[in-house]
Amino acid sequence: MAVTIEDLYRNYGILADAKDNLSQHKDAYQVILDGVKGGPKEKRLAAQFIPKFFSSFPELADAAINAQLDLCEDEDVSIRRQAIKELPRFATGENILRVADILTQLLQTDDTAEFNQVNAALISIFKIDAKGTLGGLFSQILQGEDIVRERAIKFLSAKLKTLPEDVMTKEVEEYVFAETKKVLEDVTGEEFVLLMRMVSGLRVLQTVHGRQQLVELVVEQAFLEQALNPADPDTVDRLLQCTRQALPLFSKNVHSTRFVTYFCDHVLPNLSTLTSPVAELDIQLEVLKLLAEMSPFCGDMEKLEANLNMLFTKLLEFMPLPPEEVENGENSASEEPKLQFSYVECLLYGFHQLGKKLPDFLLDKVDAERLKDFKIRLQYFARGLQVYIRQLRVALQGKTGDALKTEENKIKVVALKITNNINVLIKDLFHNPPSYKSTVTLSWKPVQKTRAVIENTSEMGSGGSTKKQISPLPRRDARQIYNPPSGKYSASIGNFNYERGGFRGGRGRGFGARGNRSRGRIY
């Protein structure tokens, strides 16, 4: 016989009046459990009554939790929400792991209000037992269905940083890091980014040793022990994502040496054949910017001379010789060489940073003929540079405030930073002997928030394009030397948020496309 509303209220009264003798009224509690088999009204009452007396009947704990779970899966969304709202009341003792596991699976709902209810319930049990709650979340991340895994990772990435220190204790943070390392053995690109952001924010890792541990995680994902296949966009994508995650971790004590060496050994030699994982991305400029940003944090390098030589060789490719002159002293009718300022800024900066470690490189390691050729290119580039700098300053003279915020003037502002940076670095190299003392701030790392993007072409030539967002890095360069201005840089400035989802390709260690793990309900 089905349980009625009257039955539920009568048995609720029995239990409420029993006080210290509750355990003697097991039959009354069983009637309430049977309420989940009734109609909508009975189910709503049962959802409230079951958790109220749950702790008094340990022998019926499994039956009570299962009854509440049935309500969490009811067709009526209002019943589901009520049942989910009450779930944290079951999170006591050894039940915490099971409740966390259940709530994690319920993240797969497409109902917004219900999803928010699950989030709120998870947060509330975090405050009861953070480690137990994490156990349920990580259990589903490691073994659950893909949709549950995806949402659990997003939940942790978004919510952990909001929890107070008395919840996220040192022990809890160490547990998060240990479990995250297990998850990172098989992740997609998007998961990798979210998980790295999550663990990078842990207080326990805000030390030199902690940051070094994070770099080691990224190194493992980056496959720096393998040669680069420049034709495979997924391989290139992996390297970009990993490098971007490592960048904010580098400092004078946490070195970028392995990444810089890899770029010099495998990326620069294949620069022109790199396959971009995103159509809008200038892949050559993207990797050169990453290399430039890493270069100040290099430690001792086994192959310093070889790496410098590769940077020097690549720099020569982007610094053209002046056009030949005909007998009357005029330039031939051939087209003016293109001056690719954006590329040259990156390469010069990287060369300048590594050159500090081997200041005699240009004098002792480069033969006289090659050095003469380099200086001719430098002089020609410097002359073109002065033309642009004058044009840019004139174009921006007197402009302030809103006038500098137009797209055209934003481009000119960045263009002036690029040309000024190159000018300072070239002057250092023209010293005798070459100097490596000047300090510049890379053009896309302004003091303000803006992320600069530039694709420069001019009547004299064009520089590459950059349409991307650099990972936020703390400003470590000593100062910003130059102010804004441009020539005829056509293109755009803006934020190209380059963060692909997963990495395509086979599943396996690292950024494989994870296989389906459909398991159905495993409460």
Side-chain angles (χ1 to χ4, degrees), residues 51 54-55 58 61 65 84 87-107 117-144 148-187 190-221 245-246 248-251 253-254 474 509 522-523:
F54 170 72
S55 59
I65 292 175
I84 291 166
L87 265 182
R89 298 177 69 175
F90 295 85
T92 56
E94 60 186 25
N95 295 317
I96 186 81
L97 190 64
R98 186 178 178 193
V99 172
D101 193 282
I102 292 162
L103 284 168
T104 305
Q105 292 183 65
L106 292 172
L107 285 169
Q117 192 78 64
V118 175
N119 273 260
L122 276 168
I123 292 293
S124 70
I125 67 169
F126 247 110
K127 294 171 183 176
I128 297 170
D129 182 346
K131 197 169 176 183
T133 305
L134 286 164
L137 280 155
F138 276 109
S139 170
Q140 284 299 316
I141 288 171
L142 288 166
Q143 303 172 49
V148 173
R149 173 187 171 102
E150 175 191 330
R151 293 189 180 179
I153 290 174
K154 287 181 178 177
F155 172 86
L156 287 174
S157 179
K159 302 298 183 182
L160 279 195
K161 59 191 175 188
T162 69
L163 296 172
E165 287 187 47
D166 62 338
V167 173
M168 292 298 292
T169 61
K170 182 173 183 286
E171 181 188 2
V172 170
E173 289 199 335
E174 286 172 346
Y175 179 74
V176 169
F177 187 49
E179 292 300 300
T180 299
K181 286 194 281 189
K182 296 177 188 175
V183 179
L184 284 172
E185 293 174 8
D186 178 14
V187 288
E190 183 182 13
E191 290 171 347
F192 172 67
V193 170
L194 289 171
L195 290 167
M196 284 304 301
R197 284 179 181 167
M198 180 181 78
V199 293
S200 295
L202 297 176
R203 283 179 291 274
V204 75
L205 296 176
Q206 302 310 308
T207 61
V208 170
H209 176 64
R211 286 179 168 263
Q212 189 60 56
Q213 285 182 280
L214 290 170
V215 169
E216 294 301 325
L217 273 186
V218 181
V219 166
E220 187 176 331
Q221 291 292 328
Q245 292 306 309
L249 304 171
F250 296 138
S251 67
N253 297 312
V254 180
R509 198 200 95 194
I522 59 144
Y523 307 133

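Residues satisfying the side-chain hydrogen bond (donor to acceptor under 3.5 Å, both in side chains) test with Q212, not counting sequence neighbours, are E216. Annotation: side-chain hydrogen bond (donor to acceptor under 3.5 Å, both in side chains) contacts of K170 (sequence neighbours excluded): E174. Residues that satisfy the side-chain hydrogen bond (donor to acceptor under 3.5 Å, both in side chains) test with E179, not counting sequence neighbours, are K182. Residues satisfying the ring-ring contact (aromatic ring centres under 6.0 Å, His included) test with F54, not counting sequence neighbours, are F90. Residues meeting the side-chain contact (heavy atoms from CB on, under 4.5 Å) test with T180, sequence neighbours left out: F138, V176, L184, L195, M198, V199. Looking at residues two or more places apart in sequence or on another chain, you find a side-chain hydrogen bond (donor to acceptor under 3.5 Å, both in side chains) between E150 and K154.
A donor-acceptor pair under 3.5 Å links the side-chain atoms of T104 to the main chain of A100, judged by distance alone. Remark: side-chain polar atoms of E173 are paired, donor with acceptor, to backbone N or O of V204 under 3.5 angstrom. No donor-acceptor distance shorter than 3.5 angstrom exists from the side chain of R211 to the backbone of N253, with no hydrogens or angles considered.
Sorted by first and then second residue, the ring-ring contact (aromatic ring centres under 6.0 Å, His included) pairs with a member in residues 196-220 form an empty list; sequence neighbours excluded.
Considering all non-hydrogen atoms of both residues, R149 and I141 come closest at NH1-O, 2.7 Å. Residues V218 and A246 share a closest heavy-atom pair of CG1-CB, 4.0 Å. The two atoms that bring S200 and Q206 nearest to each other are O-NE2, 2.6 Å, heavy atoms only.
Atom OG1 of T133 is separated from atom CG of D101 by 11.5 Å, given to the nearest 0.5 angstrom. We find the CG-CG distance between L103 and L87 to be 5.0 Å, quoted to the nearest 0.5 Å. For the atom pair CG (N119) and CG (L106), the distance works out to 11.0 Å, reported to the nearest 0.5 Å. Interatomic distance, CD1 of I153 versus CG of L107, reported as 11.5 Å (0.5 Å rounding). Atom CD of Q245 and atom CG of L194 lie 9.0 Å apart (nearest 0.5 Å). Taken to the nearest 0.5 Å, the CZ atom of F177 stands 5.0 Å off from the CG atom of L205.
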Show every donor-acceptor pair shorter than 3.5 Å between a side-chain atom in residues 123-131 and any protein atom, with sequence neighbours excluded, or say none if there are none.
residue	atom	partner	partner atom	Å
S124	OG	A121	O	2.7
D129	OD1	K131	N	3.3
D129	OD1	G132	N	2.9
K131	NZ	E171	OE2	3.2

Pairs of donor and acceptor atoms involving the side chains of residues 158-166, under 3.5 Å and at least two apart or interchain, shall be tabulated with distances.
residue	atom	partner	partner atom	Å
T162	OG1	K159	O	2.6

Side chain to side chain contact (heavy atoms under 4.5 Å, CB included) between I102 and I65: does it pass, once the steps are laid out? CA-CA 10 Å; I102 292 162; I65 292 175; 4.2 Å; yes
